[in-house]
Structure formats: C-alpha cells, structure tokens
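Notes follow once the structure below has been shown.
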Protein chains: 2
Amino acid sequence: MALLFAALADRTRLRLLNLMNGKEVCVCYFVEILGQSQPKISRHLAYLRRAGIVAARRDGKWIHYKIVVPKRPGAARILSDVLCLLGEDKSMQADLSRLNKACCAPRKLPVLDRAPLPIPVESFTSVAAPRGEIVHRGDAG
Amino acid sequence: MALLFAALADRTRLRLLNLMNGKEVCVCYFVEILGQSQPKISRHLAYLRRAGIVAARRDGKWIHYKIVVPKRPGAARILSDVLCLLGEDKSMQADLSRLNKACCAPRKLPVLDRAPLPIPVESFTSVAAPRGEIVHRGDAG
DNA sequence: AGAATATATTCGCCTTAACGTATACATGGA
DNA sequence: TCCATGTATACGTTAAGGCGAATATATTCT
C-alpha cells in the first residue's frame, strides 16, 4: 500500500492518471497536453507501469496507456477515490479539456499521420479485459 | 494532494496513523508497539506533523499525537478511506491489539509513573476541536 | 536498406528522505 | 540546583527520485 502512495506522490503522475481516467491515451497526447519533455513523460509512465497502475499497448509506432484496476480491492478503492477527487480539481479539468480539444482539432498533417485518438476503456465499475499489452523491462505483473 | 500521498508512502507512518485512528496516543506507546528506535518514531511523527496530518499535545513530559481531519474534503476523504483499509490489514490489527495490551497490562512501575493512556478523540464523523496543541519547528497549520 | 518518427532508456547532477548515532531540549522530582 | 526521563533535532551516510541531455530501440515509409 505504501508503494501505491509513492506512485501517487507526484503531481505529474497525478495529471497523467487524470488524463487516463476512463480512456486509453497515446503518449504523444500526454507530451502535448502537459507541455513537458517526452523523456520526462515516459519516465513517469514507466514508474506507473512498475507500480502496476497502468498498462501499455503498442499500436504501430504509438503506445497507448490505460489505468489497470488493482487486484487488491483496497488499492482499487483508493485509486478510484483519487481519480474522482482529481476530477474536481480546476487544473485537472483544464488538462482534460485540452485533451478533448487536441483530439478534435484539425491538424496540418493528413489524417493518416495523426496519432490514434483516446479510446474509452473499462472503468472501475466494470471488469478489465487485458488485451495486447506489452511488457517493458522491470514492469509489475 | 501529492504531499498527502508522500506522507502516506511509508509503512512506519501508516502504522503510526493506524494506531492513532480514533485515539490520541503517547509517543512512548508508539516506540513500544512498533519496536523501533525513539528517534525514528519521532522523525516520522515530525513528518506527519509537517504534512498537517497529525497534531501534538504536551502533557507533562509526555506528548500525545492525534490525527487532524484535513481542511480539504478531498484529503479528508482519502485519509478516512486509508484508515478504514488499514484496519483490514492483519499486521495493523496486531499493532492495535498490542496497543490495547500495553495500555491494560500491569507495569513494574507505580501507576503514577506510567505514561497517560490513549485518549479517544473526535474522529472523521465528528468535527475537531483543537485544544492545547503545541507547535514544533516547521510544522504545518 | 536507409530515413523519419514515436517511445524508452541511460547518464550525470541534484534534492529529498530514511536511518543510526549522538546530542539538545523540556519537564518533573529529589 | 542537579538528575532522570521523555521527546526532538542535528550530523553523516546511503539510497531513491526527479530532471535535462543524450542516446538507444522499435516501427513505418520510401
């Protein structure tokens, strides 16, 4: 349980989790929305992966992340509460609206070059169905 | 919010909070129950103090700690959930039963030399009434 | 095969934190 | 006033985390 809290003890990671709430999101969107360097985003995603909180799925050259419902009901309860409370935060809502705008806004590039849009995923009220997940070095099982 | 999680991201601190759930507890009991060095216990209590999660009250040469209900409802909700979930953990229950035994067991010393017993305090379901709290260097609040 | 793109990892530096040990501070009693 | 006790803080060491910069890996396109 202390490990779960360690994973939550960083503002950037909380923002990432908030963006992933109910959606599977491509890394490129995280970088765009949070306005931070790609290695930084990737490191924080790796931290969440190692903590077993998120899972990655490759889709061509893009990688999508989604939240994994923890096995232990206690951890799941905590995470669910945290996501709910994050949704009440102004800046977190701003992140989400930027994500929506980024996904709907026209790009200069042709449609085929655009990163895949966020995909709705099973949330805490339904059961997860792991599919096509990739495993990096040192991930949690 | 990230700061709250940082405060919860340590097993010793979780054990301390569990022991303080609904009670005001003297430092000497923490040292006895957790079986760890007094400076270590004191440092973790100081960490919780700086995070604004607990408050200290001096009573002679003893100092009692209790949980403070966070101002922000979100943080209060999280902390309340955490305390509830900790109560379901085996080792946390063992800590509590050791605390009960320590408080009720006869001592070699005369009664007047014993540390004050844990005192029930207002919990999350009622409102806090701060009284006689002491402030150390660099505390929150 | 080679270039371009998306993502992950490594490296070096810095900050924070956890710990044991030693010491300081506060209180009460002789 | 001096001493014993309870608690807090300081010091030095070690480990972990966060960051920017550079580099590695994987995939697609030509």
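Residue numbers begin at 1 in each chain, while the letters A, B, ... track the order of the sequences.
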For the residue pair A:Thr12 / A:Arg43, report whether a side-chain donor-acceptor contact shorter than 3.5 Å exists.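 A:Thr12 and A:Arg43 do not have a side-chain donor-acceptor pair below 3.5 Å.
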Expected list for residues 9-17 of chain A near DNA chain C, using heavy atoms below 4.0 Å, is none
Gap between atoms [atom1] and [atom2], on [X] and [N] respectively (whole Å):
| X | N | atom1 | atom2 | answer |
| --- | --- | --- | --- | --- |
| B:Lys40 | C:dA17 | NZ | P | 16 Å |
| A:Phe5 | C:dA18 | CZ | C1' | 19 Å |
| A:Ile63 | D:dT25 | CD1 | P | 15 Å |
| B:Leu3 | C:dT16 | CG | P | 12 Å |
| A:Arg50 | D:dA16 | CZ | C1' | 11 Å |
| B:Ile41 | D:dT9 | CD1 | P | 15 Å |
| B:Arg49 | D:dT7 | CZ | P | 12 Å |
| B:Leu8 | C:dA17 | CG | P | 14 Å |

Side-chain touch [X]/[Y], heavy atoms, less than 4.5 angstrom:
| X | Y | value |
| --- | --- | --- |
| B:Leu17 | B:Ile53 | yes |
| B:Lys23 | B:Ile67 | no |
| A:Leu79 | A:Pro70 | yes |

To the nearest 0.5 Å, atom CE of A:Met92 lies from atom CG of A:Asn18 at 5.5 Å
Non-hydrogen atoms of [X] and [Y] that approach each other most closely:
| X | Y | value |
| --- | --- | --- |
| B:Ile33 | B:Arg15 | O-NH2, 4.3 Å |
| A:Glu32 | A:Ala102 | OE2-CB, 3.6 Å |
| B:Gln38 | B:Val31 | CA-CG2, 3.9 Å |

Where the side chain of [X] is defined as all heavy atoms beyond and including C-beta, which of [options] is the nearest nucleotide?
| X | options | value |
| --- | --- | --- |
| A:Arg43 | C:dA18, D:dA21, C:dT7 | D:dA21 |
| A:Tyr65 | C:dT7, D:dA8, C:dA8 | C:dA8 |
| B:Tyr47 | D:dC19, D:dT7, C:dA18 | C:dA18 |
| B:His44 | C:dC19, D:dA8, C:dT7 | C:dC19 |

Expected string for nucleotides 25-30 of chain C under the B/S/- scheme (protein heavy atoms, under 4.0 Å, primed atoms plus P, OP1, OP2 as sugar-phosphate) is -SSS--
Quiz item: Reckon B:Ser42 touches a base, only the sugar-phosphate, or nothing at all at heavy-atom distances under 4.0 Å?
Solution: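 Counting heavy atoms under 4.0 Å across all strands, the contact made by B:Ser42 includes a base.
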Side-chain donor/acceptor of A:Gln38 to base of C:dA8, under 3.5 Å: yes
Face-on cation placement of A:Arg57 at A:Tyr65 ring, 6.0 Å and 45° thresholds = no
